[in-house]
Amino acid sequence: MKFQPVIGLEVHTQLKTGSKIFCGCSTTFGSEPNSQTCPVCLGLPGALPVLNKKVVEFAIKAGLATNCIIAHHSVFARKNYFYPDLPKGYQISQLEEPICRKGWLDIQLEGQEAKRIGITRIHMEEDAGKLVHGDVPGLDDGSGVDLNRACTPLLEVVSEPDLRSSDEAVAYLKRLHRIVTWLGICDGNMEEGSFRCDANISVMPVGSDTLGTRAEIKNVNSFKFVKQAIDYEIQRQIALIEDGGSVVQETRLFDPNSGTTRSMRSKEEAHDYRYFPDPDLVPLVIDADWVQHAHKELPELPEHRRQRFITELGLPEYDAEVLTASRGVADYFEECVAFHHNAKAVSNWLMSEVTRALNDSGAAIDACPVIPSQLAELIKMIDKGAISGKIAKTVFEEMWKNGGEPQAIVEKRGLAQVSDSGAIEAIIDEVIAANMAQVEEFRGGKEKVLGFFVGLVMKASRGKANPALVNELLLAKLKVQ
Amino acid sequence: MKITVADVEYVARLARLALSKAETELFAGQMDAILGYVDKLNELDTADVRPTSHAVPMENAFREDAVNPSIGVEKALANAPDRVDSFYRVPKVIE
Ligand SMILES: [Zn+2]
């Protein structure tokens, strides 16, 4: 029997606010344990939560960017359970009336049609604290609780079970990741847990329309692990069914070391969260004006920008996709093009030299030492024939290391391209005289030897000779018997 | 009976409460009486009424996204039964 996997994802994105969702404590990552706490986020008796307005604004943005309906009326609810990282004994979340509903994102796998993935809902909630085991001296057989993260704002984005493979799941996650970072509402740092994913996975016989029993894999924190965890889980469930067993509805944990998932016994007991509206937080009412205002404030979204790069700037689809991987890259690209209207050349430079240098240094594009106007100027110099593409790479390296304007560097280091045919001819004559054997080969019909001569001439000119001119003059001289 | 002894036992387990048999029976009777009283509302036609989530007709209470000083580690841990460094220490939790 052939099986069809069915996957739905729940993504938790930590919002980039300065303070927590219900109190004024800082959300900074990595501080001393419990140093960013107060009566509200410690869940001390009598402390009252007050909603951070920015969280609502971010949620509306996320909803609009994922084609959701923004609820006119929404409420917070208490999700009741006991765990040491949850000081109140309940998590403030949203259940029946979330802020966003019924959206979608399009994904596209290579060589396939675009596919629309439904988004069931997006809701606001607070994060729990963090537990540490073992790696603190003195903890011994206990666990440590750090409540700095408790009460930091999260958006939970719940997809429809529309995904049919681990590749689709990863493509959807990458799209969502790009949206929230593009909007500037989440830093997207998966290692620090700012963007993490739970996957609901089931399998059913191909052609069936009855969903199988699903298992939920918790907290997978990289694209690679998501793929591994889903692939493993699909195989596990199929093997189980083929052996005559059945899948149990349960929560499972992915182990990155072994690439497998295992049952979380501690959560075996079926959860009954007894949700109810939180009486401490009044309902949230978002009117049309607010939504409209938020709409106006949205940046141009990646998909739209990608299309525009293709239609307006004439970029190939591949380039447009790469250049809209992040808003920083897209902004940088467009700033360059504003200075110098050669979109394809700018694109080539961004995708090769700039990307390579950024990767080597580990810097983000917003910290790129070569600013857009400088890169544009450099490309302009190539296009005008003032320097060769090869020399431009040297100039770029210099700009990257020590800063400075390309023009000044070219002048200071005497790198300007030689387009003086007399000077080039002199070099050619020398090269030809020293390599008569190869000249004969060329004249005998071995035209590949031209490359050999071009190389020698360029070398003799220390890369400064205008390559087009070198070619032209060389050909003329070589052909003359 | 709307609320049975089994219901009370179940809710008590969710709330991690250890009730005696006598308490369980007592609470079952009391809760049943409360629900029976509230049940009177079902005599009204509430088809067009939004479920009440809050007793006071208020909406949109916000704070701006501003960081306030926290109370500090020592105060945060002052009532903790056990601690190690700046952590609360609890019995080992294993996933
Ligand atoms: Zn706080």
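Lettering of chains follows the sequences in order, A, B, ..., and the numbering in each one begins at 1.
Enclosure of atom CG in N42(B) by more than 12 non-hydrogen atoms of other residues, nucleotides or ligands within 6.0 angstrom is indicated. Counting non-hydrogen atoms of neighbouring residues, nucleotides and ligands closer than 6.0 angstrom, the NE2 atom of H73(A) exceeds 12 such neighbours. Summarising the local packing, OH of Y37(B) is surrounded by 12 or fewer heavy atoms from other residues, nucleotides or ligands at distances under 6.0 Å. For Q30(B), the CD atom counts as densely surrounded, since its 6.0 Å shell holds more than 12 non-hydrogen atoms of other residues, nucleotides or ligands.
Under the side chain to side chain contact (heavy atoms under 4.5 Å, CB included) rule, Y88(B) has a single partner from L131(A), D146(A), N34(A), which is N34(A).
Ranking R63(B), E64(B), E74(B) against chain A, the residue ahead of the rest is R63(B), based on heavy-atom pairs under 4.5 Å. Between chain B and the residues V75(A), L139(A), L147(A), the most heavy-atom pairs under 4.5 angstrom are made by L139(A). Ranked by heavy-atom pairs under 4.5 Å with chain B, the list A77(A), C41(A), G138(A), G142(A) is led by G142(A). Ranking G129(A), P39(A), G18(A) against chain B, the residue ahead of the rest is G18(A), based on heavy-atom pairs under 4.5 Å. Between chain A and the residues P69(B), A15(B), G72(B), the largest count of heavy-atom pairs under 4.5 Å involves A15(B). Residue with the most contacts toward chain A among V67(B), D65(B), V73(B), N68(B): D65(B) (heavy-atom pairs, distance under 4.5 Å).
What you find for P33(A) and S86(B) is that their closest heavy atoms are O-CB, 3.4 Å. Shown here for K92(B) and D141(A), the closest heavy-atom pair between the two residues is CB-O, 3.0 Å.
For residues 275-285 of chain A, the interface with chain B (any heavy-atom pair closer than 4.5 Å) comprises P277(A), D278(A), P279(A), L281(A), V282(A), P283(A), L284(A), V285(A), sorted by residue number.
Of the two parts of V84(B), only the side chain, counted from C-beta on, holds a non-hydrogen atom closer than 4.5 Å to a non-hydrogen atom of chain A. For V56(B), no part lies under 4.5 angstrom from a heavy atom of chain A. Looking at A76(B), the atoms closer than 4.5 Å to chain A (heavy atoms on both sides) sit in the backbone and in the side chain alike. For chain B, the nearby parts of V50(A) are the backbone and the side chain; heavy atoms of each come within less than 4.5 Å. Heavy atoms of V56(A) lying under 4.5 Å from chain B belong exclusively to its side chain. Only the side chain of D85(B) comes within contact range of chain A, with at least one heavy atom under 4.5 Å from a heavy atom of that chain. I21(A) touches chain B through its backbone: at least one of N, CA, C or O sits under 4.5 Å from a heavy atom, while the side chain does not. Residue C23(A) touches chain B through its backbone alone, counting heavy-atom pairs closer than 4.5 Å.
The shortest side-chain heavy-atom distance between L42(A) and I71(B) falls under the 4.5 Å cut-off. In this structure, the side chains of S53(B) and E97(A) stay at 4.5 Å or more apart for every pair of heavy atoms.
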